[in-house]
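Report on one structure; see the data block that follows.
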There are 2 protein chains.
Amino acid sequence: MNQNLSEADLSHLQEALSRSGQKVTPQRETVFKVLLSKRDHPSVDEVYNRAREAMPGLSLATVYNCLETFVGCGLVRQVNHERESTRYCPNLAPHAHFRDKATGRVHDIDLPPEVLSSLRSILPPGFDSETIEISFHGRTQAKDGHAN
Amino acid sequence: MNQNLSEADLSHLQEALSRSGQKVTPQRETVFKVLLSKRDHPSVDEVYNRAREAMPGLSLATVYNCLETFVGCGLVRQVNHERESTRYCPNLAPHAHFRDKATGRVHDIDLPPEVLSSLRSILPPGFDSETIEISFHGRTQAKDGHAN
DNA sequence: TGAAAGAGTTAGAATGACTCTAAACCTCAA
DNA sequence: TTGAGGTTTAGAGTCATTCTAACTCTTTCA
């Protein structure tokens with residue numbers, strides 16, 4: 001979390017923002033960096049706390065604003081589980097989420113195209129889906145500590 | 001919404017409650033009846049308003065309690081979409097939900113066993129899923145008015 | 001009978017995750 | 001150098017849900 005955004009990530013941010021007529025600001029850079037540097041589906045509060053290490057004056061409202069902006073221009077996805085607080089995920093590849101009952105951690109589960117299309121095929125005619133959210137809830141016997 | 005629960009529905013309620021050591025009460029009967037009589041995924045507030053027609057003194061807290069009880073003993077499912085208020089669904093067959101962007105209505109989408117199992121198959125070893133939630137979000141060109 | 005226990009219900013207060021508001025801040029362009 | 005518009009900020013407001021503590025009802029068993 002100490003080094004800056006890479007050239008590539010910065011221009012990714014830059015490009016997505018300007019596509020919707022918005023600017024790169026220090027706050028947005030900081031929040032984006034937080035999301036990329038630990039991909040563990042943080043809540044707004046977690047993003048806020050991590051981001052303030054690098055930018056102490058940052059306000060919670062701004063974190064909400066930044067994240068909403070990123071969702072709006074397709075840079076990150078929201079992840080909701082029941083009525084818990086919203087989490088954020090910079091993984092844009094099609095994937096499902098698995099929420100561990102015991103730890104509360106959210107893991108990305110890769111979603112192969114054929115499963116995605118078999119899922120789409122269950123929709124009756126007249127139903128046009130723009131987004132699909134798939135979430136599993138259960139337990140893991142994970143041996144490693146990384147949370148994805 | 002004027003007639004009582006059928007024998008079959010009442011004994012279904014009865015049995016599910018007693019399985020977890022709980023009792024049938026007039027409030028629980030009323031709330032359960034509301035859920036069965038219009039299967040349109042009502043929110044707590046909607047259940048509350050409908051139920052008070054039959055039982056004016058019923059409190060909102062009790063509606064929350066009843067619904068929580070029903071979820072706990074497997075009589076109904078919760079349906080969440082983003083951070084909107086929780087909705088309730090007495091359809092226990094495996095199904096996905098489709099939320100209409102324009103109307104906010106939630107439709108049940110039947111989930112064939114082979115799709116369900118292909119979905120389960122994407123979980124890596126060590127991930128034991130107890131529940132799966134699938135929700136589509138998009139638009140419908142529905143010709144009929146019923147909300148399911 | 002009737003006292004105590006325990007489940008269920010109730011109104012209203014409390015919580016917490018956002019969401020809004022209005023003022024301040026910046027940057028760029030005329 | 002004025003001001004227009006996007007951005008940030010602190011704090012107030014909202015709203016679904018949860019909690020609390022009193023009350024009611026039924027059951028138990030003394």
Side-chain angles (χ1 to χ4, degrees), chain A residues 13-14 16-34 41-52 54-73 75-88 104 106, chain B residues 13-14 16-34 41-52 54-73 75-89 99 104 106:
Chain A
L13 175 64
Q14 166 86 268
L17 284 170
S18 69
R19 213 184 308 124
S20 53
Q22 287 165 301
K23 291 170 196 161
V24 175
T25 66
Q27 287 85 346
R28 286 175 180 163
E29 272 191 53
T30 302
V31 170
F32 193 55
K33 190 166 58 173
V34 165
H41 307 86
S43 64
V44 174
D45 251 42
E46 285 161 346
V47 173
Y48 177 51
N49 289 322
R50 292 175 197 173
R52 268 194 310 174
M55 184 180 273
L58 185 69
S59 85
L60 181 60
T62 300
V63 175
Y64 273 101
N65 290 341
C66 289
L67 292 170
E68 196 194 350
T69 301
F70 295 163
V71 171
C73 65
L75 279 169
V76 308
R77 272 173 62 180
Q78 285 185 321
V79 184
N80 290 108
H81 269 99
E82 279 147 36
R83 303 215 85 253
E84 291 178 2
S85 45
T86 302
R87 297 173 171 278
Y88 291 84
V106 176
Chain B
L13 175 63
Q14 164 88 267
L17 284 171
S18 70
R19 213 185 305 125
S20 53
Q22 288 165 301
K23 291 170 196 161
V24 176
T25 66
Q27 287 86 345
R28 286 176 180 164
E29 271 191 54
T30 302
V31 170
F32 193 54
K33 190 165 59 172
V34 164
H41 307 86
S43 64
V44 174
D45 250 42
E46 285 160 347
V47 173
Y48 177 52
N49 289 322
R50 292 175 197 173
R52 268 193 310 174
M55 184 181 271
L58 184 70
S59 86
L60 181 59
T62 300
V63 175
Y64 272 100
N65 289 342
C66 289
L67 291 170
E68 195 193 353
T69 301
F70 295 163
V71 171
C73 64
L75 278 170
V76 308
R77 271 174 62 181
Q78 285 186 320
V79 184
N80 288 291
H81 269 99
E82 279 145 36
R83 303 215 87 250
E84 292 179 3
S85 44
T86 301
R87 297 173 171 279
Y88 292 84
C89 170
R99 170 117 175 309
V106 176

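What you are looking at is a predicted structure, and each value in this text was computed from that prediction instead of being measured.
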Practice prompt. Start with the C-alpha distance between B:Arg87 and B:Glu46, add both sets of side-chain angles, then the distance that settles side chain to side chain contact (heavy atoms under 4.5 Å, CB included), and finish with yes or no.
Written response: CA-CA 9 Å; B:Arg87 297 173 171 279; B:Glu46 285 160 347; 3.4 Å; yes
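- For A:Ala61, counting side-chain heavy atoms from C-beta on, the closest listed nucleotide (D:dT8, C:dG8, C:dC20) is C:dC20.
- Residues A:Tyr88 and A:Val71 meet the side-chain proximity criterion, which asks for heavy atoms closer than 4.5 Å.
- The interatomic distance linking B:Met55 (CE) with C:dT10 (C1') rounds to 13 Å, in whole Å.
- The two residues B:Val106 and B:His41 make their nearest non-hydrogen contact at O-ND1, 3.3 Å.
- One interatomic measurement links the two molecules: CZ of A:Arg87 to C1' of C:dC18, which rounds to 15 Å at whole-angstrom precision.
- Between A:Arg52 and A:Asn49, the shortest heavy-atom contact is NH2-OD1, 3.2 Å.
- Summary of the strand contacts: B:Lys23 and B:Val44 both lie near DNA chain D, and taking for each the nucleotide with the nearest heavy atom, the more 5' one is attributed to B:Val44.
- Contact annotation: A:Thr25 does not reach the phosphate of C:dC26 (side-chain N/O to OP1 or OP2, under 4.0 Å).
- To the nearest angstrom, P of D:dA16 lies 12 Å from CG of B:Asn49.
- The nucleotide whose nearest atom lies closest to any side-chain atom of A:Ser59 is, among C:dA17, D:dT9, C:dG8, D:dT9.
- Within the 4.0 Å cut-off from OP1 or OP2 of D:dA16, not a single side-chain nitrogen or oxygen of B:Ser43 is found.
- Comparing A:Asn80 and B:Leu60 by the nucleotide of DNA chain C that holds the closest heavy atom to each, the one mapping nearer the 5' end is B:Leu60.
- Minimum atom distance to the side chain of A:Arg28 is reached by D:dT8, of the listed C:dT10, D:dT8, C:dG8.
- Each of C:dA17, C:dG8, D:dA16 was ranked by its minimum atom distance to the side chain of B:Ser85; first place goes to D:dA16.
- Summarising the geometry, the separation between CG on B:Asp45 and C1' on D:dC15 is reported as 10 Å, rounded to the nearest angstrom.
- For the pair A:Pro42 and A:Arg50, the tightest heavy-atom approach, listed with the atom from each and the gap, is CB-NH1, 3.8 Å.
- Residue A:Gln22 is classed as a sugar-phosphate contact, given heavy-atom separations below 4.0 Å to backbone atoms only.
- At the heavy-atom level, A:Gly21 lies nowhere under 4.0 Å from the strands shown.
- Proximity of A:Asp45 to A:Leu60: side-chain heavy atoms (C-beta onward) are separated by under 4.5 Å at one or more points.
- Note: CD (B:Gln78) to C1' (D:dT18) measures 13 Å, nearest angstrom.
- The nearest whole Å value for the distance from the CD atom in A:Glu82 to the P atom in D:dA16 is 18 Å.
- Straight-line distance from the CZ atom of A:Arg52 to the P atom of D:dT9: 11 Å, rounded to whole Å.
- Rounded to whole Å, the distance from OH on B:Tyr48 to C1' on D:dC15 is 15 Å.
- The residues B:Glu82 and B:Arg99 are annotated as not salt-bridged, no charged nitrogen and carboxylate oxygen being separated by less than 4.0 angstrom.
- Of the possible donor and acceptor atoms, none in the side chain of A:Glu68 sits under 3.5 Å from a partner among the backbone N and O of A:Asn65.
- Residues from residues 64-71 of chain A that place a heavy atom under 4.0 Å from any atom of DNA chain D, listed by number: A:Asn65.
- Here B:Arg83 does not reach the OP1 or OP2 of D:dA16: none of its side-chain N or O atoms lies under 4.0 Å away.
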